[in-house]
Each structure stands twice: as C-alpha cells, then as structure tokens.
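Note: hydrogens, waters and symmetry copies are ignored here, and every other heavy atom, side chains too, is used. Both ligands and their constituent atoms are indexed starting at 1 by order of listing.
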Amino acid sequence: MPRILITGAAGFLGSHLCDRFIAEGYEVVAMDNLITGDLRNLEHLQALPQFSFVHHDVSTHIHLNGPLDYILHFASPASPIDYLKIPIQTLKVGSLGTHNCLGLALAKKARILVASTSEVYGDPLVHPQTEEYWGNVNPIGPRGVYDEAKRFQEALTMAYHTYHGLETRIIRIFNTYGPRMRLNDGRVLPAFIGQALRGEDLTVFGDGSQTRSFCYVDDLVEGIYRLLLSDYPYPVNIGNPDEITILQFAEEIIKLTGTDQKIVHQPLPKDDPTQRQPDITKAREILGWEPKVSRAEGLKITYDAFRNLPNDLLYKQEHRDFKAYSK
Ligand code: UDP
C-alpha cells in the first residue's frame, strides 16, 4: 500500500484529497495545525486503519516515522482576508513549510507535489494565463504574503528538482469551490451563499466587473491525481476556463438560492486582480485532463451542502467585517 503525507489535510482541498487517496488504496497520513482547517472535515475517515492524523505545524521541522512514497503540500491559508489576519504564518508555510516538506521528501525518497496558485500571476497582464507568463505581483501589497510565498515555493521546489534530482510536481490552482469551504472564510462563493442563507444582502466588491473562473473541487482533485502520477516537473495550471464577472456570479447565486436579498457594492480591495482565466492547454495535452462539472451542477451540490450546515457555522463571526479588507 503506497503511503502519502497530505499537509493541510483538515482544510477544504486537503480533506477532499484524503478522500481520494483513501479511495485509491493509499495509506494516508494527514497533517494540519488546525489554524484554518477543521477536524470535522476528516471525521468520517478517523476510524479507518489506513488513515492517521498528526497535529503539527509544517513550518517547523517535520518528523515522521516509517517509509513515505508521496507528499502533497497543501497547508496554507487560502483566502485574501486570512492573509491579512495571519500574514506571517502565510509567508512561513509557503516558504519554511515548503522547505521542510522538500527536506522530508528528500530524506524519504518520496515524490512531492506542491500546491501553487494562479496568484503567482498577480493582476495578470496576459489573458488567459499560460504557464509561461511570469506574472504581475505587488510584493508589499496585502496579497504579497501569499503570492510571494508561493513564488518562492515554486523556485525552491525547482531547485530541489535540479540540484537534488528530487521528483517534484507543481500545480497552479485557480479559484476552486465545493463543500467544506469555510462558510465565513471571506472568499466570494461562501460569502455570497452565506449571505443568502442568513438573509443578508450580497456584497459585491467594486463594480463587479472583475472576472474569475471557478472550478468544482472534484475536477481539481482529478487534475492533482493525474499530475502527481505524471512525469512532468514543471508548473501546470488546473482550473475551469469558464470565466464570469463577479456581478454575474452574484446574480447566479441569487437565482440558485431564491433569496430576495439584493446586491450591495463595497469598495474593491487593494490589488484585487481584474481578470483571471486559466489556459489549460498543458493540462489537456500532458494529463489528458479537463473539467467535467459545469458551474450550474457544482453550485447546486455546494449550496445543498452549505444549507445543511449547523447554525453555529452559519452565524460564526469570522471575517464578516469586510471593510477591514478594503483599501
Ligand atoms: N468578492 C466580492 N464580494 C465578497 C468576496 C469577494 O465581490 O464578499 C470578490 C473579490 O473582490 C474578488 C472575487 O470576488 O474580485 C474573488 O474573491 P476571492 O476572495 O474569492 O478570491 P480571489 O480570486 O480574489 O483570490
């Protein structure tokens, strides 16, 4: 049975990856410091003999007994307003955390896949974004703590590949959504659905003409699985190219949820990218991957999951003061 370490395992993507690798017959070691992760995302796996959980912050040295075949490094805050709240931890997990994971991979002769991001392209001047584009990032802006940590992560990962011959994979993840996102993490989909469920107006930042392209989590997990098992060491974009403005997105959520709340505008946060759409030619050619779940289907599944959440999560007061995030 191959053994895999998944960091950030109690988070949104990490927990879906645990499910997938358990289903594929792996022994899964799940690691998380639970700053933004939630053990409820892993509850259903706890009793399985091939699953174990380690409460640890990967920004400090990682010690793990026994052999290891693969590492997926997914530990990181992933919401812009989390970066503001915990900027130093965000920088540390992308840099020191990555260093510790790479060192562990080297010691165990394991293959490692690191979670990078479309944020390495910053506010992109090239559209759609190909892997060849170097990006347009403000290093000292509010998003710099995430973007630069992830850019450093890519550089460090490539250095381990070229210098040590380590087997490395780099995925650049575009906006992804699905069940188990934190309802109040501040990202746009849980924000809008949470507002609709609580009977609040939907807060569109700026005029809502900025675009994003949303990928359903199952499609992303399939892309990660294929990339890990491929032999391609360079960055690959995984995302759904179906681009939409944030205003249209708010209108879709209003229709989906049947809420009679309206759209209200709030100031656009600093350095908010004006457009984002993945060019997935590489994923198609190298991995034979493309997204299968339409936004209509994915949003319905996600809404059904969110509306069954207990009230304490629905009304939890984290990150509800959006003004703090504005210019
Ligand atoms: N956004 C919004 N209202 C919200 C939360 C986010 O209009 O309540 C916008 C945000 O300004 C951005 C887009 O939605 O343009 C996506 O934001 P998110 O934080 O989900 O992710 P990003 O792609 O910016 O990292």
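The atoms of ligand 1 that sit less than 4.0 Å from any heavy atom of Thr203 are 2 (C), 3 (N), 4 (C), 7 (O), 8 (O). Under a 4.0 Å criterion applied to the non-hydrogen atoms of Gly186, ligand 1 contributes the atoms 5 (C). Remark: ligand 1 atoms within the under-4.0 Å shell around heavy atoms of Glu119 are 25 (O). Close contacts of ligand 1 with Asp272, meaning ligand atoms under 4.0 Å from a residue heavy atom, involve 10 (C), 11 (O), 12 (C), 15 (O). Atoms of ligand 1 lying under 4.0 Å from at least one heavy atom of Ala191, given by number and element, are 8 (O).
Here the options are Arg172, Arg143, Arg212, the test is salt bridge (Lys or Arg N to Asp or Glu O under 4.0 Å), and the partner is Glu119; only Arg143 passes.
In this structure, the side chain of Thr211 engages the main chain of Arg276 through a donor-acceptor pair within 3.5 Å.
When only modelled atom types and interatomic distance are considered, Ser15 and Arg180 share a side-chain donor-acceptor pair under 3.5 Å.
Here Glu148 pairs with Arg151 in a salt bridge; the nearest charged N to carboxylate O distance falls below 4.0 Å. Under 4.0 Å is where a charged nitrogen must lie from a carboxylate oxygen, and between Glu222 and Arg226 at least one such pair does. Salt-bridge formation is not detected for the pair Glu154/Lys150: no Lys NZ or Arg NE/NH1/NH2 atom is positioned less than 4.0 Å from an Asp or Glu carboxylate oxygen. Ion pairing between a basic and an acidic side chain is recognised when a charged N comes within 4.0 Å of a carboxylate O; Asp242 and Arg295 show such pairing.
Where the criterion is an N or O separation shorter than 3.5 Å, residue side chain and backbone included, Gln195 fails it with respect to ligand 1.
In this structure, Pro80 counts as a contact residue of ligand 1, since one of its heavy atoms falls inside 4.0 Å of the ligand.
Distances from atom 2 (C) of ligand 1 to the heavy atoms of Phe205, Tyr146, Phe249, Tyr177 show the closest one on Phe205. The nearest non-hydrogen atom to atom 13 (C) of ligand 1, considering only Thr245, Ile246, Val204, comes from Ile246. In the candidate list Gln266, Arg187, Arg143, Arg143 is nearest to atom 25 (O) of ligand 1, counting heavy atoms.
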*Step by step, would you call Glu297 with Ser294 a side chain to side chain donor-acceptor pair (under 3.5 Å)?*
CA-CA 5 Å; Glu297 277 175 275; Ser294 69; 3.2 Å; yes
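Contacts between Asn175 and ligand 1 below 4.0 angstrom, taking non-hydrogen atoms only, involve the side chain exclusively.
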